[in-house]
There are 2 protein chains.
Amino acid sequence: MGNIHDIARIAGVSAATVSRALNGHPYVSDDKRAAVLKAAEQLHYEKNINAVHLAKGKTDTIGVILPFVSHPYFGFILGGIAAEAERQGYKLLIVQTNYDILQEIDALNMLKLKQVDGLIITSRECPIELIEDYSEYGRIVLCEALAHSRLSSVFVDQFKAFQTALSFFTQRGISRIGYTVLRAEGKSSLARKKAYEEQLSRFHPEWVFDRALTIEDGTRIAGEWAAMTDRPNAMVITNDFVAAGFLLECRRLCFAIPEDVAIIGFDNHPLSGALDITTVELPLHELGTIAFQQVLLKDVTHHELPFRLIHRNSV
Amino acid sequence: MGNIHDIARIAGVSAATVSRALNGHPYVSDDKRAAVLKAAEQLHYEKNINAVHLAKGKTDTIGVILPFVSHPYFGFILGGIAAEAERQGYKLLIVQTNYDILQEIDALNMLKLKQVDGLIITSRECPIELIEDYSEYGRIVLCEALAHSRLSSVFVDQFKAFQTALSFFTQRGISRIGYTVLRAEGKSSLARKKAYEEQLSRFHPEWVFDRALTIEDGTRIAGEWAAMTDRPNAMVITNDFVAAGFLLECRRLCFAIPEDVAIIGFDNHPLSGALDITTVELPLHELGTIAFQQVLLKDVTHHELPFRLIHRNSV
DNA sequence: GCTTGCTCTGAAACGCGTTTCATACTTTAC
DNA sequence: GTAAAGTATGAAACGCGTTTCAGAGCAAGC
């Protein structure tokens, strides 16, 4: 199959000229260019992209860290990243971490080893200090609220979004409010608790349900909710899938929505539209698109995206 | 930051010994290994993975072609692929094609250019002949029924699965059956039409609804269905999301399920469980896992996976 | 005592394209 | 007519780790 030097020999030019001809550089005479192209054709020449990567010191590839690829929340972000990557001629190297720190470190090392030119972290478990240490190797974009001088960020203010959902209830005189979180110990759990305590007189730890990510989690939580003697009559739920599981299980157990329990989800996934669930729309696709744009920028940037509550009939 | 030759100089050994020491090869004396490790530490040495890829002629990376990353069907396959890739220490390079042939070719070229060691094609638009041409560059696994000598495959027999769904209706005396397809001109559409004509006396072209991929498509199709004067009273629907959209819109329009229209979906996504939709379970995660295993095998292999119909209350 | 077989090392080749620098020849420019 | 500017090209350096081959040193086997 040959390499660039074989072509050079056959075409009677130097390897430098072959490289220039093949990459469409100016300053190559028409006859030499033709000779190179002919020789390349003849040898069925194919570039070894790894040699290109080595020589150029970049790979036109961006790494994407995400905990679960099959979850729609991350799927939509990834969709936005992928669309923009394609538009700009970049490839994506994805690492599914399951929130395993070792996996996250593995992904960070791709940046250090020059396997990727930049890194987008859609969600993480490891401490920010660890990520900081990698910022010297390439641009890193986090999908979370952050004001960092070396790490870029793009986010929807989860704190405000949660406040908005709570207010939507309290303004309607609903104050017995429960909510769900993904991880009891996560940053956003703390933020939610803080928002809750700011708006409501009393915090009910038993009205906080954790491990809420999937439809099944919603189903499970509805069961736990139904089994309580002193239960909330409104729920702010992590995402529309959990909300869907919760709502459908409540219905199955013969509770009325929103009379027995009002529901607000997040994301505005089409599912919430189909189930008529009130939700806080998050521009996930756009978040991915912007994350990708930021990862290519020289400078560190921060980008807050808007959200809006969509009132449907689950409240 | 230095390279392997700098380390060699400082440690007073050759580059070959540095390479051996750093990669844990045997036959390196303890003192030289220690000297190398110390020098590497001192220089904050980091391997340039691109040089490794070039030297080794492989990248420990597998390419994954998928039309839409944010659709749960592909999300679950990708989840299976990613889980197995992690287990085996491989990285994944994903290309979202939107069924654009140019994008698909772009992805195939990653194999030719040695950017990936193998390729998994979850779904495609381009002709199989085109893909064949790339089989010499590395193992390619297709997620579709195929008996090819140079391309591996892993699949659920869509034809049989569709037949099973149809039989489930006909055995209950239901014969006015419509169905949905993703793309009117696709291979699976032809297969479905064939299966339909084998089991039912008359084929109704107007009872075939295409572009059925998302919840919204299901909603739209329900509207079209409801507007018909002569409409089927049973539907075999591409996947559980479309089925969910269809079912929920039918309910909204005050039709009863399954009395007015019975529904069978595909995938057994948790959503179908929550909505009590009868579905044909497809082992998508496992499909991904096996696809990944196959891509690493020396030999071409073919793998058919089982499906099973799960009877719920939409029929 | 001599052969066989390890253990350990380094030189050099190998994988391969890009880019800088120097050079030489043409064209414009004034 | 000469300087300045542009066009065209090749040699060589550069990016960098892996692996083969040859050889040296040393211990076990008979």
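Note that this is a predicted model, so its numbers are computed, not measured. Chain letters run A, B, ... following the sequence lines, proteins first and then strands; every chain starts at 1.
- Partners of Asn3(B) by side-chain hydrogen bond (donor to acceptor under 3.5 Å, both in side chains), not counting sequence neighbours: none found.
- With sequence neighbours left out, His302(B) forms a side-chain hydrogen bond (donor to acceptor under 3.5 Å, both in side chains) with Ser153(B).
- Ring centroid separation for the pair Phe68(B) and Tyr73(B) does not come in under the 6.0 Å cut-off.
- With sequence neighbours left out, Glu86(A) forms a salt bridge (Lys or Arg N to Asp or Glu O under 4.0 Å) with no residue at all.
- When rounded to the nearest whole Å, the span between CZ of Arg9(B) and C1' of dA11(C) equals 17 Å.
- Here the P atom of nucleotide dC16(D) and the NE2 atom of His5(B) are 10 Å apart, to the nearest Å.
- Residues from residues 33-57 of chain A lying near DNA chain C, meaning a heavy-atom separation below 4.0 Å, are Tyr45(A), Lys47(A), Asn48(A), Ala51(A), Val52(A), Ala55(A) in numerical order.
- Applying the salt bridge (Lys or Arg N to Asp or Glu O under 4.0 Å) criterion to Glu84(A), with sequence neighbours excluded, gives Arg87(A).
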Acceptor/donor pairs from residues 25-38 of chain A side chains to any protein atom, 3.5 angstrom cut, sequence neighbours excluded:
unit_1   : atom_1 : unit_2   : atom_2 : d
Ser29(A) : OG     : Asp31(A) : OD1    : 2.6
Arg33(A) : NH2    : His25(A) : O      : 2.7

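- The nearest whole Å value for the distance from the CG atom in Leu113(B) to the C1' atom in dG17(C) is 13 Å.
- Annotation: salt bridge (Lys or Arg N to Asp or Glu O under 4.0 Å) contacts of Glu132(B) (sequence neighbours excluded): none.
- Evaluation of the side-chain hydrogen bond (donor to acceptor under 3.5 Å, both in side chains) rule for Thr59(B) yields Asp117(B) as partners, not counting sequence neighbours.
- Judged as a side-chain contact (heavy atoms from CB on, under 4.5 Å), and not counting sequence neighbours, the contacts of Ile49(B) are Leu113(A), Gln115(A), His53(B).
- Scanning residues 15-32 of chain A for heavy-atom distances under 4.0 Å to DNA chain C yields Ala16(A), Ser19(A), Arg20(A), Asn23(A).
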Name the pairs: protein N/O against N/O of nucleotides 25-28 of chain D, kept only if under 3.5 Å.
none

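- Remark: P of dA11(D) and CD1 of Ile4(A) are 14 Å apart, rounded to the nearest angstrom.
- Residues meeting the salt bridge (Lys or Arg N to Asp or Glu O under 4.0 Å) test with Glu125(A), sequence neighbours left out: Arg183(A).
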